[in-house]
Amino acid sequence: MGEPADRIVDVSVADGVARLTMRSGSVNALGRDLRRALAAALDRAAADPDVTAVLLLGQPRAFSAGADITEFKSTEPEVAGAGQPGQADAPDLRALVAQVEDFPKPVIAGITGVALGGGLELAMAAHARIAAPEARLGLPEITLGLIPGAGGTVRLPRLVGPHRALSMILTGKDVTAADALRDGLVDAVAEDPGAPRAVTDAIARVNALPARRTRDREDRIAEAAAAPGTVERLAGAALGKAKDPFAARAAVDAVAAGIEESFDRGLEVEREKFQERLASEESAAQRHLFAAERAARRPAGLDPEAARPVRRAGVVGAGTMGGGIAMALASAGIPVTVVEAERSALDRGLVQVDKNLAVSVSRGSRSEGDAAALRSLITGSLDYGDVADVDLVIEAAYEDLGVKQGIFAALDAVVPPDCILASNTSYLSIDVIAAGTRLRSRVLGLHFFSPANVMPLVEVVRGAATDAAALATGVATARRIGKTPVVVGVCHGFVGNRMLEVRSAQAEQLLLEGALPGQVDRVLKDFGFRMGPFEMGDMAGLDIGWRNRKAEGTTAPVSDALCEAGRFGQKTGAGYYAYDGREGREDPEVERLIVEVSHTQGVTRRDLSDAEILERLLFPMINEGARILAEGIAERAGDIDVIWVKGYNWPAYRGGPLWYAGHVGHGYVAERLRHYAEQTGDATLLPAGFLAGA
Ligand code: 3HC
């Protein structure tokens, strides 16, 4: 049964050191075969009189990416590999971790690539850790709606202290080898963590320790242990910001128990909470997203081999989007030329890039050296001729079809035939933009989200003529700059904005019928969004939509009335809310105005329940998602979920709109849509696509 043990854990003994090298799959996920093979190799090393120490190694890409996620099934938690009796002859992960910690001879972990989740928990149980300079270490369980389940909540604080431990556990973010060394998570950084010299030094350090086991190290937690409540206080702000509040709460409880009570009590609480989270719907939702994000990287017809190397890039437009995209490209080491029509606009854009970099330096998210290196890769220009030798140009100019067509025609004339041309349009047709070019096949959409240097999503828009090279280059570049690409088809607003428009229209309608902005925003925030639609509108500015509506001859009565009163949002100090700086407060003037608009429209206002508001915001956009799927604009329901979580702050623990629809029941969503269609007389609310038959 399973892979032969000697193939997944290679064992060699030299100079008294047994080297156990894990090579299971691409990332050494700690599935049952690997756990069984490691346990057996450790047993043999314990019994072998020639072995005086053990060196645990992984592959260049990964020491280990943690517990095997494919073994997690919320319906059968007994196979989860942590905290349960092992399957057949494979120990569970906790038992394996304990076997390492209690090992009678020094165990050294040599970390290359990533050590994540259970992988780091295994390394933390070793008696010393050596990391390669490019290694990354972290406990990302919270991003799966879980807490570390193999001793991470009790061992990490003993190595790095409660403050750093809470920060790693509650954000799920990994740290560099240099940071790990500074914090005490690793004992040394070495180019080759398996080199005899590094290993001999580590063994000597272990032999000199008063207490070898991590569980016995109390110095870093002594202060917090003596002052109960310290963990809770240290967790404070991070707990509020955590992406999964349920897993965050559970993790803090386990950390506190491990510090304020005892190591063993901490382990007990950890085990209990891990099981609870594993069985939760929030974790199921986030595990769905993990799989969906990876599935989205493999759209139909993508040939990764067709991607062209991007050595240099161009960005057209130095506005907020253009500057952000240039920063994103440069932070991956790609030299970028930013082209603008006017000197003043170019200067403004580059100054903004400088400001953004200064902020990231002052926040400590980037070193001064990194910021300077990044900035040196960005050059400004007023001449399309300066992008004549690039491999990819991303246009991020004003959202106007004529403007964009002009830019594409100009680019088409100067760039070489194998240069890929992308538009960052958020609504316009890639096919129409490409129409004026000689080589339409090289044109695609790369729709970034603002701020582009921060937001992880890129909708990769495949036009009717987009060829394999353009698509593969777009996807590969998005990945290279650390974004999550999702391939979508051409339609007004693509996937994300098309669904957002439906939600916005409903939000406006709710105001007309009787709700106020504060109630609508609160309902969405209670659901888990960071902001409601009206707070978002005020932040983005209401005037652009107003101007567009005037040009199209459409209306949004409340928003139009606000704009007519000069309330454009935060930038004018008033919109749906009144502002002192960025702080908004409800404004009786807005209520008066909304009531007046309802009256003019002949609508009798009524009280709307929070439940109705939530359904009327979410179900119509889910319905639009069903249409998008039926039209083939998105390939899978999971693609739509990834777009909403990564681009629109849909709470990850609710899995994305289509996952959520499945959770509340397609039949229920369809029935409510029929009800609201009848109640409002709006036939577009009638169930569509897969919901029509539900
Ligand atoms: N279990 C099972 N499969 C895993 C895995 C894991 N922990 N981590 C990665 N994989 C798989 C991926 O699904 C992917 O499979 P595919 O090729 O079939 O799509 C393959 O390994 C390669 O992964 P990526 O495509 O994601 O490769 P990247 O290079 O982009 O990223 C990575 C590598 C950084 C390791 C990333 O995969 C990652 O973040 N993995 C998850 C790490 C994680 O969350 N670990 C915690 C697990 S929970 C845990 O340990 C509980 C414990 O506390 C008890």
Side-chain angles (χ1 to χ4, degrees), residues 22-35 58-74 77 79-84 86 91-98 111-125 134-156 168-169 171-175 243-244 247 250-251 254-255 267 270-278 283 286-299 302 304 456 475-476 478-485 638 642 652:
M22 301 178 273
R23 5 175 243 213
S24 175
S26 58
V27 294
N28 282 336
L30 287 154
R32 62 180 66 92
D33 289 344
L34 180 54
R35 298 198 306 275
Q59 306 169 67
R61 179 182 180 190
F63 174 79
S64 166
D68 186 339
I69 296 168
T70 61
E71 286 184 1
F72 291 157
K73 298 266 186 308
S74 45
V79 297
Q84 302 83 33
D92 72 38
L93 192 52
R94 281 169 176 251
L96 182 65
V97 161
I111 301 170
T112 48
V114 294
L116 298 174
L120 181 59
E121 290 173 301
L122 188 68
M124 287 195 293
E134 74 291 348
R136 315 271 322 179
L137 303 90
L139 293 175
E141 284 86 345
I142 195 165
T143 63
L144 298 168
L146 298 172
I147 70 169
T153 63
V154 279
R155 285 197 185 83
L156 187 59
M168 284 177 68
I169 293 170
T171 63
K173 286 192 182 144
D174 52 25
V175 297
K243 293 232 164 101
D244 181 331
V255 171
L267 269 189
E270 182 192 86
R271 175 189 174 138
E272 201 180 287
K273 304 273 174 188
F274 177 84
Q275 290 302 106
E276 173 203 302
R277 286 295 98 208
L278 184 64
S283 175
Q286 288 168 91
R287 284 182 274 130
H288 151 69
L289 286 167
F290 181 83
E293 201 180 317
R294 277 150 189 85
R297 292 179 192 164
R298 290 190 270 267
L302 176 79
V475 169
R479 294 264 340 251
R480 182 169 162 202
I481 63 179
K483 306 287 182 197
T484 303
V642 171

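Whatever order the structure lists ligands and atoms in, that order sets their numbers, starting from 1. Excluded from the calculations below are hydrogen atoms, water molecules and symmetry mates; all remaining heavy atoms, backbone and side chain alike, are included.
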Please work out whether any backbone atom (N, CA, C, O) or any side-chain heavy atom from C-beta onward of E270 is under 4.0 Å from ligand 1, and answer side chain, backbone, both or neither. neither

The atoms of ligand 1 lying under 4.0 Å from a heavy atom of G66, numbered in the order shown, are 50 (O)

Indicate yes or no: does an N/O atom of G118 lie under 3.5 Å from an N/O atom of ligand 1? yes

Tell me whether R61 has any N or O atom under 3.5 angstrom from an N or O of ligand 1. yes

Any donor-acceptor pair under 3.5 Å from R23 side chain to Q59 backbone: no

Just verifying a value: how many Å separate D174 CG and M168 CE, rounded to the nearest 0.5 Å? 8.0 Å

Heavy-atom closest pair, residues F63 and A115: CD2-CB, 4.1 Å

If you measure every N/O of F274 against every N/O of ligand 1, is any gap under 3.5 Å? no

Ligand-side contact atoms (ligand 1) for residue partner R479, heavy atom cut-off under 4.0 Å: 30 (O)

Note: ligand 1 atoms sitting under 4.0 Å from heavy atoms of R297 are 24 (P), 25 (O), 26 (O), 30 (O)

Distance check, rounded to the nearest 0.5 Å: T153 atom OG1 versus F274 atom CZ? 11.0 Å

Mark up the atoms of ligand 1 that fall under 4.0 Å of a heavy atom belonging to P148, in ascending order. 53 (O)

Under 3.5 Å, side chain of E141 to main-chain N/O of I169, donor-acceptor pair present? no

With L137, which of L116, L156, V175, V114 fulfils side chain to side chain contact (heavy atoms under 4.5 Å, CB included)? V175

G149 heavy atoms, cut-off 4.0 Å: which ligand 1 atoms fall inside? 52 (C), 53 (O), 54 (C)

Which ligand 1 atoms does E121 reach within 4.0 Å, using its non-hydrogen atoms? 52 (C), 53 (O), 54 (C)

Please round to the nearest 0.5 Å and tell me the distance separating atom NE2 of H288 and atom CD of E293. 11.0 Å

Less than 3.5 Å between some nitrogen or oxygen of T143 and one of ligand 1, yes or no? no

Rounded to the nearest 0.5 Å, what separates atom OG in S283 from atom CG in L278? 6.0 Å

For ligand 1 and V27, I'd like to know whether there is a polar contact (N/O to N/O, distance under 3.5 Å). no

Contacting atoms of ligand 1, where contact means under 4.0 angstrom from a heavy atom of L144: 44 (O), 47 (C), 48 (S)

Is I69 close to ligand 1, meaning an N/O of one under 3.5 Å from an N/O of the other? yes

Please verify whether a non-hydrogen atom of A62 lies at under 4.0 Å from ligand 1. no

Spacing of L146 atom CG and R287 atom CZ [to the nearest 0.5 Å]: 6.0 Å

What atoms of ligand 1 come within less than 4.0 Å of a heavy atom belonging to A29? 1 (N), 2 (C), 6 (C)

Is the closest N or O pair between A65 and ligand 1 shorter than 3.5 Å? yes

Please verify whether a non-hydrogen atom of E71 lies at under 4.0 Å from ligand 1. no

Non-hydrogen atom of G152 closer than 4.0 Å to ligand 1: no

Could you measure the distance from the CZ atom of R35 to the CG atom of D68? Nearest 0.5 Å is fine. 8.0 Å

Would one find more than 12 heavy atoms of other residues, nucleotides or ligands at under 6.0 Å from atom NZ of K243? no

